[in-house]
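Reading through the structure tokens given below for one structure.
By convention in this document, chain letters (A, B, ...) are assigned in the order of the sequence lines, proteins followed by strands, and residues within each chain are numbered from 1.
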Amino acid sequence: MAKNLLIVESPAKAKTIEKILGSDFEVKSCYGHIRDLEKDDMGIDIKNNYKPRYIVPEDKQKVVKELKQLAKKSDEVWLATDEDREGEAISWHLCEVLGLDPGSTKRIVFHEITKPAIKQAVGRPRTVDMNLVNAQQARRVLDRIVGFELSPVLWRKMSMKNNLSAGRVQSVAVRLVAEREREINAFKPQSSFKVEAMFTANDVAGKPISFKAEGSKYPDVATAEQFLHQCIGANYKVKDIQVKPTRRSPAAPFTTSTLQQEASRKLGYSVSRTMLVAQKLYENGHITYMRTDSVNLSETAMDDVRNTVQASYGNRYYQSRKYKNKNESAQEAHEAIRPTYMSNTTVPDADAKRLYELIWKRTMASQMADAELEKTVAKIEVSTNKAELAATGEVLKFDGFIKVYREDVDDEDKEGEETAEGMLPPLTVGQQLPLKEMKAIERNTRPLPRYTEASLVKKLEELGIGRPSTYAPTISTILKRGYVEKRDKEGTPRHYKVLTLSKDHITKKTETENIGAEKAKLFPTDLGLVVTDFLKQYFDDIMDYGFTARIEGDFDEVARGKLRWNKMIDEFYNPFKKDVEKTIETAERIKGERELGLDPESGKPVIARMGRYGPMVQIGTAEGEEKPRFAKLKSTQSIETITVDEAMELFRLPRVLGAFEGSDVAVSIGRFGPYIAHDKKFYSLGKEFDPYSITLEEAAPIIEEKRKAKDERTIKVFEKEKIQILRGPYGPYIKVGLRNYKLSKEQQERAADLAIEEVKKIIEEAKANPPKKAPARKKKG
DNA sequence: CAGTGAGCGAGCTTCCGCTTGACTT
């Protein structure tokens, strides 16, 4: 029996550490936080100095029970949770639950799981830092107050009230997406004409090659044409050549956020997929911990990388580098994300292989030499005017880290147009250059691109909002709540002019480009826009991008023992609570209403707003003598941008397409999307069909196909199809309207023989005992 | 599911940050 029990947060770490410490220690994990605030009444005694009421959640009771038993049997318990605010709090909660004295229980920390680091940590135990614990309690209590006060305000004031929520992190994330969308909608492109000239010169082998030189930008077609005119009959001469050596340095090793960004750009992974795959790699011992904000490599890892770089590419390619975190909010409880052993260059599983190799390459490159380049700029003068053209070329002199890895950049960070610079032929000052042709091409400025999941994470990290463990869940939350949608957008064609000077003759052409096409980008929904506007109006301090950074400053004061945590919370709570009360009292129901114009037929106003089931348009108002007409917006439409004409189109539903097999075929949009109605049956319409334009010829085969599929799945029908027994991928089940009910194994076997009485009984029972995931709420009083 | 949208009210929802499995209408 081991005398010592050492507790860490992650079970994968526990295994490794147990091997290092040997038989004197039993190493167990607590699987993160073991206690949380009770849900009733916020779990906080506001009147009693914000005293938190903690409970052990249902899913943690098993692990707590086991730890209690082990702690009793051990002579000494060591707390080795992560070295950050949350880790310190977990240690304190462990003391509270296991009956240990926080003033004397041994608390140790390490940033890397290596023998020397752990041995050293065990040799230097300290006790739980209550100031840091209090900073965490302040963080926890503040987040609970904000979330559990704001969400109910939304339930009261929104017409759509299913599962709405607000919080310090999620609401600001939605705001970012909402504001970007409005910037894009308000964007007015500026056009200008850029001059590009193509010349020819001989390369080293004496073969003529052509290259590009850039001229000035002209504000409009007239000035651009004027310039080309001036160039008619001109001679071109190299006036000046400048050669400048430049260097490029590798990026730092991966953190959670940079891994999510690169996996998104290079592999097209969503942030949650990246984390899922990384978790597998971690559990199998291939990589270090994947939820980290540190760019630091352990010393043993540095040695490992150095040896691998030197052995693979030679010493010239090696350069030792220490990276510093740019982000002040980083807590650096772990290492950067890296392979555990550099000798392991790949892993078997296909999905994991791509991510692992990305991590391996990035880690290698981080300890490699700069790439050395030579940039050449040749200035070319025009004999007929004062203009100057510039030809730029770049040559890679030494590849350095590029041999292994090159980081991609977001569209947002690209400067201007694509400047993929190639090689220039050798040129000499005074050399005459024959012009092939010169163009003035119309270019438009572009708005910032919409966020991807990963670029939103990047932005949140820059603002210090959220933590590595919450980036992926935050994105999931705002998608699940329907504040934000991830989708593609087709581009729209745009014309642009091209003036070409060739053989002393100028021609004008109009060409077409496709602009604004985007893939897997985040769009705010009307719900997201309306909720953001509301929260900004009434809770501008919490919606401020600097709010988290400011309160983090206070948490730091608490951690340093300069500020009492309940005093800090009190200063926040009183004005906040006043805002909540004032909002409940004075704010109107949120509708996001916008009048689009008048219905050309009836002359009544056409209004777009949020309804109970989402964004809608209505003709006329309830006060009028006639009932208003309603229609639901298409998923790509928005209250903010829809026009009267587009709105009028929506009233063309339901449409009767004609008769098929003696019954009318009608198409409409219901709560669950577009559908076809035929012969008293309903068939949902796939995304590839537009209910506003589908024809009878297109609808008929869908009806036949769906009817056939349904017939094949149907086992039994009761009460004119109101109650059905259908065959699903997991066996037979009961369907009543839109609700499904499970059958037991035994009932499934005799599905075809079930009588209506028995089926009804099964439904009754299922209704009486709805499947519950969450533990039953405790009734008070 | 050939539709809804007002207003009332019971009973429900909700936060962020730490960790993994259990779970498949």
Side-chain angles (χ1 to χ4, degrees), chain A residues 8-13 29-37 39 42-43 59-60 63 81-82 84-87 89-90 93 136 139-155 159-171 279 282-283 289 291 333 465-471 473-474 477 481 548 589 591 609-614 616-618 622 627-632 653-656 664-678 680-684 726 728-731 733-735 737-743 771 773-774 777:
Chain A
V8 295
E9 291 180 41
S10 155
K13 268 189 205 169
S29 88
C30 65
Y31 296 83
H33 274 293
I34 52 156
R35 292 204 302 181
D36 193 12
L37 295 172
K39 295 216 169 173
M42 291 214 298
D59 57 334
K60 288 296 162 72
V63 63
T81 53
D82 296 346
D84 57 18
R85 201 162 63 201
E86 299 296 326
I90 292 173
H93 282 299
Q136 192 275 346
R139 199 281 303 155
R140 181 67 193 91
V141 166
L142 184 134
D143 279 337
R144 170 56 69 85
I145 289 172
V146 171
F148 275 40
E149 290 275 5
L150 283 192
S151 301
V153 173
L154 294 182
W155 304 340
S159 36
M160 258 178 106
K161 51 182 76 184
N162 286 342
N163 278 354
L164 291 184
S165 65
R168 173 177 59 84
V169 174
Q170 59 168 286
S171 297
Q279 176 88 29
Y282 168 68
E283 283 168 12
Y289 196 57
R291 290 186 274 265
I465 300 171
R467 302 280 312 134
S469 68
T470 60
Y471 294 141
T474 298
T477 299
R481 297 264 176 270
T548 292
R589 259 171 112 71
K591 284 186 171 168
R609 65 174 175 91
M610 289 298 288
R612 222 154 104 80
Y613 305 110
M616 57 176 281
V617 279
Q618 77 178 61
K627 260 186 116 183
R629 293 181 66 197
F630 305 105
K632 193 175 165 167
L653 290 184
R655 291 163 58 217
V656 177
D664 271 355
V665 178
V667 57
S668 187
I669 297 182
R671 251 174 95 174
F672 308 98
Y675 63 87
I676 300 173
H678 176 251
K680 293 186 181 152
K681 294 190 193 69
F682 307 103
Y683 308 96
S684 57
L726 299 173
Y730 305 96
Y733 65 96
I734 302 173
K735 187 178 183 72
L738 288 156
R739 301 280 316 236
N740 296 334
Y741 299 93
K742 223 169 129 179
L743 289 173
K773 280 222 158 176
R777 281 161 62 94

Test ring-ring contact (aromatic ring centres under 6.0 Å, His included) applied to A:His33 - qualifying residues, sequence neighbours left out: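 Counting only residues at least two positions away or on another chain, A:His33 forms no ring-ring contact (aromatic ring centres under 6.0 Å, His included).
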A:Phe148: what forms a ring-ring contact (aromatic ring centres under 6.0 Å, His included) with it, not counting sequence neighbours?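 Partners of A:Phe148 by the ring-ring contact (aromatic ring centres under 6.0 Å, His included) criterion come out as none, since no residue qualifies.
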Rounded to whole Å, how long is the line connecting atom [atom1] of [X] with atom [atom2] of [N]?
| X | N | atom1 | atom2 | answer |
| --- | --- | --- | --- | --- |
| A:Asp59 | B:dA22 | CG | P | 12 Å |
| A:Asp36 | B:dC15 | CG | C1' | 9 Å |
| A:Lys632 | B:dG5 | NZ | P | 14 Å |
| A:Leu150 | B:dC15 | CG | P | 11 Å |
| A:Met616 | B:dG3 | CE | P | 15 Å |

In plain terms, say whether A:Asp36 and A:Lys60 are close enough for a salt bridge, that is, a side-chain N and a carboxylate O under 4.0 Å apart.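 No, no charged N to carboxylate O under 4.0 Å.
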Output yes when A:Arg139 and A:Glu86 qualify as a salt bridge under the 4.0 Å nitrogen-oxygen rule, no when they do not.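 The answer is yes: the pair qualifies as a salt bridge.
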State whether [X] places a side-chain N or O below 4.0 Å from either non-bridging phosphate oxygen (OP1 or OP2) of [N].
| X | N | answer |
| --- | --- | --- |
| A:Ser469 | B:dC18 | yes |
| A:Gln136 | B:dG17 | no |
| A:Tyr289 | B:dT19 | yes |
| A:Arg291 | B:dT20 | yes |
| A:Arg35 | B:dC18 | no |
| A:Arg467 | B:dC18 | yes |
| A:Ser10 | B:dT19 | no |

Could you tell me which residues satisfy side-chain contact (heavy atoms from CB on, under 4.5 Å) with [X], sequence neighbours excluded, listed by chain and number?
| X | value |
| --- | --- |
| A:Ser171 | A:Ala166, A:Leu535, A:Met543 |
| A:Asp664 | A:Val656, A:Ala659 |
| A:Val169 | A:Ile465, A:Thr474 |

Mapping A:Ala631 and A:Ser151 to their closest nucleotides on DNA chain B, which lands nearer the 5' end?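 It is A:Ala631, whose closest nucleotide lies nearer the 5' terminus.
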Are A:Tyr675 and the base of B:dC1 stacked, counting only ring centres nearer than 5.5 Å and planes tilted under 30°?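 A stacking contact does not exist, since A:Tyr675 is not both close and nearly parallel to the base ring of B:dC1.
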Going by 5.5 Å between centroids and 30° between planes, is there a stack of A:Trp155 over B:dT13?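 It does: the ring sits over the base of B:dT13.
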A:Lys13: partners by salt bridge (charged side-chain N to carboxylate O under 4.0 Å, His left out), with sequence neighbours left out: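 Once residues adjacent in sequence are excluded, the partners of A:Lys13 under the salt bridge (charged side-chain N to carboxylate O under 4.0 Å, His left out) criterion are A:Asp82.
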Output all residues satisfying salt bridge (charged side-chain N to carboxylate O under 4.0 Å, His left out) with A:Arg85, sequence neighbours left out; order by chain, then residue number.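 Salt bridge (charged side-chain N to carboxylate O under 4.0 Å, His left out) check on A:Arg85 returns A:Glu552.
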Which is true for A:Val146 with a 4.0 Å heavy-atom rule: it touches a base, it touches only sugar-phosphate, or it touches nothing?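 If one applies the 4.0 Å heavy-atom cut-off, A:Val146 turns out to touch nothing in the nucleic acid.
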Mind checking A:Gly466 for me? I need base, sugar-phosphate or nothing, with any heavy atom below 4.0 Å counting as a touch.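 If one applies the 4.0 Å heavy-atom cut-off, A:Gly466 turns out to touch the sugar-phosphate alone, with no base involved.
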Tell me whether the centres of the aromatic rings in A:Tyr683 and A:Tyr675 are closer together than 6.0 Å.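 Not close enough - the centres of the two rings lie 6.0 Å or further apart.
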Closest approach to the side chain of [X], judged atom by atom: which nucleotide of [options] is it?
| X | options | result |
| --- | --- | --- |
| A:Phe148 | B:dC15, B:dT20, B:dG17 | B:dC15 |
| A:Val169 | B:dG21, B:dC18, B:dG17 | B:dG17 |
| A:Arg168 | B:dG17, B:dT19, B:dA6 | B:dG17 |

Give the dot-bracket line for DNA chain B from 5' end to 3' end: parentheses for intra-strand Watson-Crick or G-U pairs under 3.5 Å, square brackets for crossings, | for inter-strand pairing, dots for unpaired. .........................
Considering only the P atoms, how many Å lie between B:dG5 and B:dC1, rounded to the nearest integer?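 Result for the P pair: 14 Å, nearest Å.
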What interatomic distance, in whole Å, is found between C1' of B:dG9 and the corresponding atom of B:dT13?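 The same atom, C1', in both gives a distance of 16 Å.
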Please check if the side chain of A:Arg481 supplies one atom and the backbone of A:Asn163 the other of a donor-acceptor pair under 3.5 Å.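 Answer holds: yes.
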Identify all pairs in which a protein N or O lies below 3.5 Å from an N or O of nucleotides 7-10 of chain B, and state each distance.
none

